[in-house]
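Comments concern the structure below.
Ligands are counted one by one from 1 in listed order, and the atoms in each one are counted from 1 as well.
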Amino acid sequence: MAANWKMFKTPAETTVFFTNFLPLVKDAGNCEIAVCAPFIDLPVAIAATHESNVTVGGQNLYWAKEGAFTGEISGPMLKAIGCTWVIVGHSERRQYFGETEETVLKRTKAAIEAGLKVIVCIGEVLAERESGQTEAVLQAQFDGGIAGLSAAEFAQIVIAYEPVWAIGTGKTATPEMAADAHKAVRALVAAKFGADAAGAIRILYGGSVKPDNVSSLMAQEDIDGALVGGASLDPVSFSKIVNY
Ligand code: 13P
């Protein structure tokens, strides 16, 4: 169960969040919990979650290890401060910041080389869904952004299926729609990396996940977790999702 805070919360607000959140999820069994926070909040988040059952991640990285790349943060930097995870290829980065399949693959490889685990995001926009192209889009994103990983690299990723039209809109994909997309993604994994990898890969659903719809989503066979935006900002609401 992963939180994507996007561009929300100051370090002080991060401290308050964890003070309230950690006791609510301390008994969450059989579930990995990650919070992906803005860069400036990461040191506070990592200190707060030390010796807890919650891990922390960034929301983006640059693929060079270091260099003259003003404004960027590298994989080794995230690793050095204690991040476990990083999100790559979120639809907001594709839409507003020019992320492509090629840069998704570069960032993912760089993150894994730095020792991070990666949540790689894929998903179709509304026009693509309405014109029946969902599976073709997922295939293109998989082929360009994920299929170029080695088997060992692939073992370090989690895939998040996020239909772009369901993000922040309150329009969740129905559990059946999500289940169909997850099944299609798992089939792509099986074709490229084999049946064992397809069984082992965790595929998260993201897009308006809330405490009251998480159970029906998680009941679907191919949905292994959630990547939660808005509902992860409130400790009670995210704890309800974690403890569904
Ligand atoms: P919302 O949960 O706010 O729809 O955001 C989903 C998302 O983009 C998570 O990465």
Side-chain angles (χ1 to χ4, degrees), residues 1-9 13-14 17 21 25 31-39 41-42 45 54-61 78 83-97 99 103-104 107-108 111 116-126 128-129 134 137-138 141 145-146 157-175 177-179 181-182 185 202-218 220 223-244:
M1 291 298 187
N4 174 11
W5 281 358
K6 309 192 179 184
M7 197 174 73
F8 290 96
K9 293 195 192 292
E13 289 164 344
T14 300
F17 175 91
F21 179 67
V25 297
C31 166
E32 218 173 319
I33 309 166
V35 174
C36 298
F39 290 134
D41 298 330
L42 293 173
V54 177
T55 51
V56 169
Q59 300 171 7
N60 185 34
L61 78 160
L78 292 176
C83 282
T84 305
W85 296 95
V86 65
I87 297 172
V88 167
H90 191 277
S91 62
E92 287 147 18
R93 298 222 55 93
R94 295 175 188 261
Q95 189 178 352
Y96 305 126
F97 303 104
E99 190 85 78
T103 59
V104 167
R107 288 184 216 279
T108 303
L116 297 162
K117 295 196 279 184
V118 187
I119 300 173
V120 183
C121 302
I122 57 176
E124 81 287 358
V125 301
L126 186 59
E128 291 163 343
R129 173 157 287 269
T134 298
V137 169
L138 295 177
Q141 292 177 342
I146 297 175
I157 75 164
V158 167
I159 297 174
Y161 167 65
E162 300 205 310
V164 179
W165 48 272
I167 295 177
T169 57
K171 282 190 212 160
T172 325
T174 63
M177 281 161 119
H182 280 233
V185 173
R202 289 174 291 178
I203 308 177
L204 313 184
Y205 169 78
S208 296
V209 176
K210 309 287 177 210
D212 63 4
N213 62 23
V214 63
S215 299
S216 58
L217 289 161
M218 291 302 294
Q220 306 302 314
I223 301 185
D224 304 313
L227 180 57
V228 187
S232 75
L233 295 170
D234 174 67
V236 173
S237 139
F238 189 46
S239 75
K240 284 183 181 162
I241 291 171
V242 168
N243 293 319
Y244 81 95

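Of the protein's heavy atoms, K6 NZ, 3.2 Å lies nearest to atom 5 (O) of ligand 1. In terms of protein heavy atoms, atom 3 (O) of ligand 1 is closest to G230 N, 2.8 Å. Given atom 2 (O) of ligand 1, the protein heavy atom at minimum distance is G229 N, 2.9 Å.
Counting only distance, with no hydrogens or angles, the side chain of Y205 and the backbone of A173 share a donor-acceptor pair below 3.5 Å. In this structure, N243 contributes its side chain and S239 its backbone to a donor-acceptor pair below 3.5 Å. A donor-acceptor pair is defined here as one N or O able to donate and one able to accept, closer than 3.5 Å; no such pair exists between the side chain of S91 and the backbone of P163.
To the nearest 0.5 angstrom, I159 atom CD1 is 10.5 Å from C121 atom SG. A distance of 9.0 Å separates CH2 of W5 from CD of E13, quoted to the nearest 0.5 Å. Between the CG atom of L61 and the CG atom of L78 there is a distance of 6.0 Å, given to the nearest 0.5 Å.
In terms of polar-atom proximity, K210 is not counted as a contact of ligand 1, lacking any N or O under 3.5 Å from an N or O of the ligand. Looking at ligand 1, you won't find any N or O of L227 less than 3.5 Å from one of its N or O atoms.
The distance from ligand 1 to the heavy atoms of G207 drops below 4.0 Å at these ligand atoms: 4 (O), 6 (C). Those atoms of ligand 1 that come under 4.0 Å of a heavy atom in G168, given as number and element, are 1 (P), 3 (O), 4 (O). Of all the atoms in ligand 1, the ones that sit under 4.0 Å from a non-hydrogen atom of S208 are 1 (P), 2 (O), 4 (O).
The neighbour count for F8 CZ, taken as heavy atoms of other residues, nucleotides or ligands under 6.0 Å away, does not exceed 12.
When E162, E92, Q59 are ranked by how near their heavy atoms come to atom 10 (O) of ligand 1, first place goes to E162.
Only the side chain of N4 comes within 4.0 Å of ligand 1, judged by heavy-atom distances.
Residue contacts with ligand 1 include A166, since one or more of its heavy atoms lies under 4.0 Å from the ligand.
In this structure, R94 does not pair ionically with E162, as no charged nitrogen and carboxylate oxygen lie closer than 4.0 Å.
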